[in-house]
Peer 1: 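To start, I am sharing the structure in question, which I have written as structure tokens.
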Amino acid sequence: MYNSQIAEIFEEIADMLELDKEKDRKFEILAYRKAAVTIGTLQEDVGDIYRKRGLAGLQELPGIGKSTSEHIKEYIETGRLKKYDELKKKYPIDFARLTNIQGLGAKRILKLYKMLGVKNIDDLKRAIKAHEIRDLEGFGEKSESEIGKSIAMLESSGGRMLLGIALPEAERIRDAIRNSGLVERVEIGGSTRRMKETVGDLDILVISSKSDAVMDFVSRLSEVERTLAKGPTKTTVRLKIGLNCDIRVLEKSSFGAAIQYFTGNKDHNVKLRQIAIGKGLKLNEYGLFDKKGTNTVTGSEEEIYRKLGLDWIEPEMREDRGEIELAQQHKLPRLVQLGDVRGDLHVHSRYTDGANSIEEIADEAAKLGREYIGMTDHSKSEYVTGGMTDKEFEKYFAAVDKINDKFDNRITLLKSSEMDILKDGSLDLQNKTLDSMDYRLAAVHTSLKMDEDEMTKRIIKAFDTGYINIFAHPTERIINQRPPIKMNLDKIFEAAKDNGVALEIDSFPNRLDLSDENILLARKYGVKFAIDTDAHRTEHLKLMRYGVSTAKRGWLTKDQVINTRSLKELRTFFKR
DNA sequence: GCCGTTTTCGGCCCGACTGTTTTCAGTCG
């Protein structure tokens, strides 16, 4: 896999070109950065693309042209890149790591190198300890300590935080500001609004005529550790949970433009600006301006999209993955909504590793308005969770039946299991047990390090039994902790389609598995999906919104998600 | 360096804040 290496090299080339004093290479630098993003976020290995379709294949990628495609070719064939090596000879500095530090760009890094010989983070830490940085021109005591803090943070958190932690925090801050009586309106923006699986910082937008008072109020919130920057329109605070939060106070007339701008993502916004330019307009965070400099929008975000000739795009889609073009053609998909969800097909009870009784779960699920839930406790091979034998499943299902009778029409409980797909691709329970279930959910839990070929065969063999209705958390990844298992996604998705297996979108914030990107890939195969909570406690039943947002980020419509169906329709799907 | 229903040449998003200055460069998003 060359992608991350090449992306890093392009980024470093861009950093080093910034240091060229001879000429302004602004746009060349921009081009390298864009190419780095393209390669860095590519799902397919760039080496494969080159081998299969050559330079022409590379040049079809956005931001990759004649020169950068030649660079990629050179690196793949020789393992080196002359242009990079030459620049690196001039600047033997680890820009890739050093630019991750807040407040350090290429130019200040160069100064640190020339004056103090700093080449990498370790050198930098030494320089801070010796208090050598504060005396440099353009630096000071403040810079020295901020750089030190940034290194510490980088080393402790590793960067981005789970949406499942960041969103509730953002909502607490939003609600506190809303209840302060100081503001007319307050909304969450940024990647949190786009419901991206991890977020780098929080953006909160406010309409208020009392800017100073709002900024003071925010600085004193109990969630805030310290204030990093404070101005009349923008304040940045460090939150105790280890995230930065920007608060922006805006004029009422620019709120629509601002919420659009600060929701992003960046590529989406750049494209909108280009469309604006094409219409003789200028879009920025304050409005959509005509040639005379008059703001033509004063209201909502919808108005901006409309004036640009686009349908309004849900925030989850705003990643510049083709949504703008669809909006121009008025062909955006109608995305599945949280309110469309009628049931939850992956729930655990105290029978294995859940914390609540079946009755407690059924009660809470009914309160949430679910029409049905699937009880999916573990099978015997998952022994760390107390996985059940065939015999124990008989008792389990008898208990489910009993609660079902008790709840009458309030909610329907379905009999199922989160069953292990064993190492050889066979299933963990006897056919007789499987036949007694309403449907079967299956997952891989062991031997996660198998090679791609073996894992793919293992899973497809399980699908081919014809018993599996839902493939749970397909890639087994844990965000920031465990990489996805190796398997051929194309083959798996095709086999899922052929066998009528729905792919799960596990709503647990550290899973979100399938991910948005994998959903986008899978939907092309015509597969169906199930958005489940994988709840292990009653409060987990509320995590459904994360799964639904992930589905929206994967462009799914209601009819592609099986648990938006009535129970009757769902049973038909399970029968195939 | 990339790109093209304005263009194979001439554009490419642009404003806010900080620290260290004493009018602004660097960084960030």
Side-chain angles (χ1 to χ4, degrees), chain A residues 10 13-15 17-21 23-39 58-72 83 95 98-112 133-147 150 189-191 199-203 205 211 215 227-237 244-250 254 257-258 260-289 309 320 325 328:
Chain A
F10 283 177
I13 288 176
D15 290 330
L17 291 179
E18 296 234 19
L19 304 173
D20 190 343
K21 287 209 185 78
K23 51 182 170 178
D24 185 3
R25 310 178 78 162
K26 198 162 49 180
F27 297 110
E28 195 182 342
I29 291 161
L30 209 67
Y32 272 108
R33 296 213 190 276
K34 190 162 192 249
V37 171
T38 295
I39 302 301
L58 294 174
Q59 287 172 14
E60 276 171 32
L61 300 168
I64 304 297
K66 191 168 178 305
S67 176
T68 43
S69 62
E70 291 284 355
H71 287 347
I72 294 167
K83 179 175 179 131
F95 287 97
L98 290 170
T99 48
N100 283 335
I101 295 163
Q102 293 273 318
L104 286 191
K107 287 171 188 155
R108 298 184 90 192
I109 290 170
L110 182 67
K111 184 165 269 176
L112 290 168
I133 291 174
R134 57 181 62 180
D135 297 322
L136 294 182
E137 193 194 345
F139 290 81
E141 261 186 61
K142 185 85 193 261
S143 305
E144 185 177 274
S145 98
E146 288 301 323
I147 291 169
S150 176
S191 50
V199 304
D201 61 17
L202 302 181
D203 288 290
L205 308 184
S211 167
M215 298 313 194
T227 303
L228 300 175
K230 202 171 187 178
T233 65
K234 178 185 163 187
T235 286
T236 303
V237 293
N244 288 357
C245 176
D246 288 342
I247 315 288
R248 293 166 204 274
V249 176
L250 304 145
S254 62
Q260 194 291 312
Y261 179 83
F262 289 111
T263 296
N265 78 0
K266 197 171 173 173
D267 292 334
H268 178 95
N269 287 351
V270 166
K271 208 164 254 186
L272 284 195
R273 285 182 175 209
Q274 284 164 349
I275 290 171
I277 291 166
K279 292 184 182 293
L281 300 166
K282 187 177 83 165
L283 177 64
N284 61 23
E285 57 266 52
Y286 300 107
L288 184 61
F289 298 90
D320 189 26
E325 291 75 8
Q328 283 178 316

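Throughout, a chain's letter reflects where its sequence line sits, starting with A, and its residues are numbered from 1.
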Peer 1: So, is A/S143 near the phosphate of B/dT20, with a side-chain N or O under 4.0 Å from OP1 or OP2?
Peer 2: yes
Peer 1: Round to the nearest Å and state the distance from A/L205 atom CG to B/dA16 atom C1'.
Peer 2: 14 Å
Peer 1: CD of A/E144 to CG of A/L136: how many Å apart, nearest 0.5 Å?
Peer 2: 9.0 Å
Peer 1: My understanding is that a pair needs two contacts under 3.5 Å, Watson-Crick or G-U wobble. By that rule, which nucleotide pairs with B/dT8?
Peer 2: none
Peer 1: OP1, OP2 of B/dG11 versus side-chain N and O of A/K26: anything below 4.0 Å?
Peer 2: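 Result: no.
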Peer 1: Please determine if A/E28 and A/K83 form a salt bridge, counting it only when a charged side-chain N lies under 4.0 Å from a carboxylate O.
Peer 2: yes
Peer 1: What's the gap between B/dC28 and B/dT23 when it is taken at their P atoms, as a whole Å value?
Peer 2: 25 Å
Peer 1: Just checking A/Q274: base, sugar-phosphate only, or nothing, at a heavy-atom cut-off of under 4.0 Å?
Peer 2: sugar-phosphate
Peer 1: Send over the distance from A/K111 NZ to B/dT20 C1', rounded to a whole Å.
Peer 2: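 Result: 11 Å.
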Peer 1: Take atom CG of A/D267 and atom P of B/dC12, then tell me their distance rounded to the nearest Å.
Peer 2: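 Rounded to whole Å, this separation is 17 Å.
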Peer 1: Which part of the nucleic acid does A/K279 contact within heavy-atom distance under 4.0 Å: base, sugar-phosphate only, or nothing?
Peer 2: nothing
Peer 1: What pairs with A/D320 under salt bridge (Lys or Arg N to Asp or Glu O under 4.0 Å), at least two apart in sequence or on another chain?
Peer 2: A/K271
Peer 1: If the condition is ring-ring contact (aromatic ring centres under 6.0 Å, His included), which residues does A/Y261 pass it with, not counting sequence neighbours?
Peer 2: none
Peer 1: Which part of the nucleic acid does A/F27 contact within heavy-atom distance under 4.0 Å: base, sugar-phosphate only, or nothing?
Peer 2: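 A/F27: base contact, heavy atoms under 4.0 Å.
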Peer 1: Which of these nucleotides, B/dC13, B/dT18, B/dT20, is closest to any side-chain atom of A/R273?
Peer 2: B/dC13
Peer 1: Quick test: give all pairs of protein nitrogen or oxygen and nucleotides 3-6 of chain B nitrogen or oxygen below 3.5 Å, distance rounded to 0.1 Å.
Peer 2:
unit_1	atom_1	unit_2	atom_2	d
B/dC3	OP1	A/G63	N	2.9

Peer 1: What's the CZ-C1' distance between A/F139 and B/dG19, to the nearest Å?
Peer 2: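 Rounding to the nearest Å, CZ of A/F139 and C1' of B/dG19 are 11 Å apart.
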Peer 1: Among B/dA16, B/dG1, B/dG19, find the nucleotide with the atom closest to the side chain of A/T233.
Peer 2: B/dA16
Peer 1: Pick out the pairs of N or O atoms, protein on one side and nucleotides 27-29 of chain B on the other, that lie under 3.5 Å.
Peer 2:
unit_1	atom_1	unit_2	atom_2	d
B/dT27	OP1	A/G105	N	2.7
B/dT27	OP1	A/G105	O	3.1
B/dT27	OP1	A/R108	N	2.9
B/dT27	O5'	A/G105	N	3.4
B/dC28	OP1	A/I101	O	3.3
B/dC28	OP1	A/G103	N	2.6
B/dG29	N2	A/Y261	OH	3.4

Peer 1: Between A/L288, A/L283, A/D267, which is the residue that forms a side chain to side chain contact (heavy atoms under 4.5 Å, CB included) with A/L272?
Peer 2: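 That would be A/L283; it is the only one of A/L288, A/L283, A/D267 passing the side chain to side chain contact (heavy atoms under 4.5 Å, CB included) with A/L272.
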Peer 1: Can you see whether A/F10 has A/R33 sitting over its ring - NZ or CZ less than 6.0 Å from the centre and within 45° of the normal?
Peer 2: no
Peer 1: With heavy atoms under 4.0 Å as the rule, sort A/T236 into base, sugar-phosphate or nothing.
Peer 2: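 Touches nothing.
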Peer 1: Listed by chain and number, what are the salt bridge (Lys or Arg N to Asp or Glu O under 4.0 Å) partners of A/K279, not counting sequence neighbours?
Peer 2: none
Peer 1: So how far is it from A/D201 CG to A/T236 OG1, rounded to the nearest 0.5 Å?
Peer 2: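 Answer for the CG-OG1 pair, A/D201 versus A/T236, is 8.5 Å.
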Peer 1: Looking at A/Y286, does any N or O in its side chain come under 4.0 Å of the phosphate oxygens OP1/OP2 on B/dA16?
Peer 2: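 A/Y286 to B/dA16 OP1/OP2: side-chain N or O found under 4.0 Å.
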Peer 1: Could you tell me how far B/dC13 sits from B/dG4 if I compare only their P atoms? Round to whole Å.
Peer 2: 14 Å
Peer 1: Does A/K83 place a side-chain N or O at less than 4.0 Å from the phosphate oxygens OP1/OP2 of B/dG1?
Peer 2: yes
Peer 1: Atom OG1 of A/T233 and atom CE of A/M215: how far apart are they, to the nearest 0.5 Å?
Peer 2: 6.0 Å
Peer 1: What residues, two or more places apart in sequence or in another chain, satisfy side chain to side chain donor-acceptor pair (under 3.5 Å) together with A/S69?
Peer 2: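 Side chain to side chain donor-acceptor pair (under 3.5 Å) list for A/S69, sorted by chain: A/Q59.
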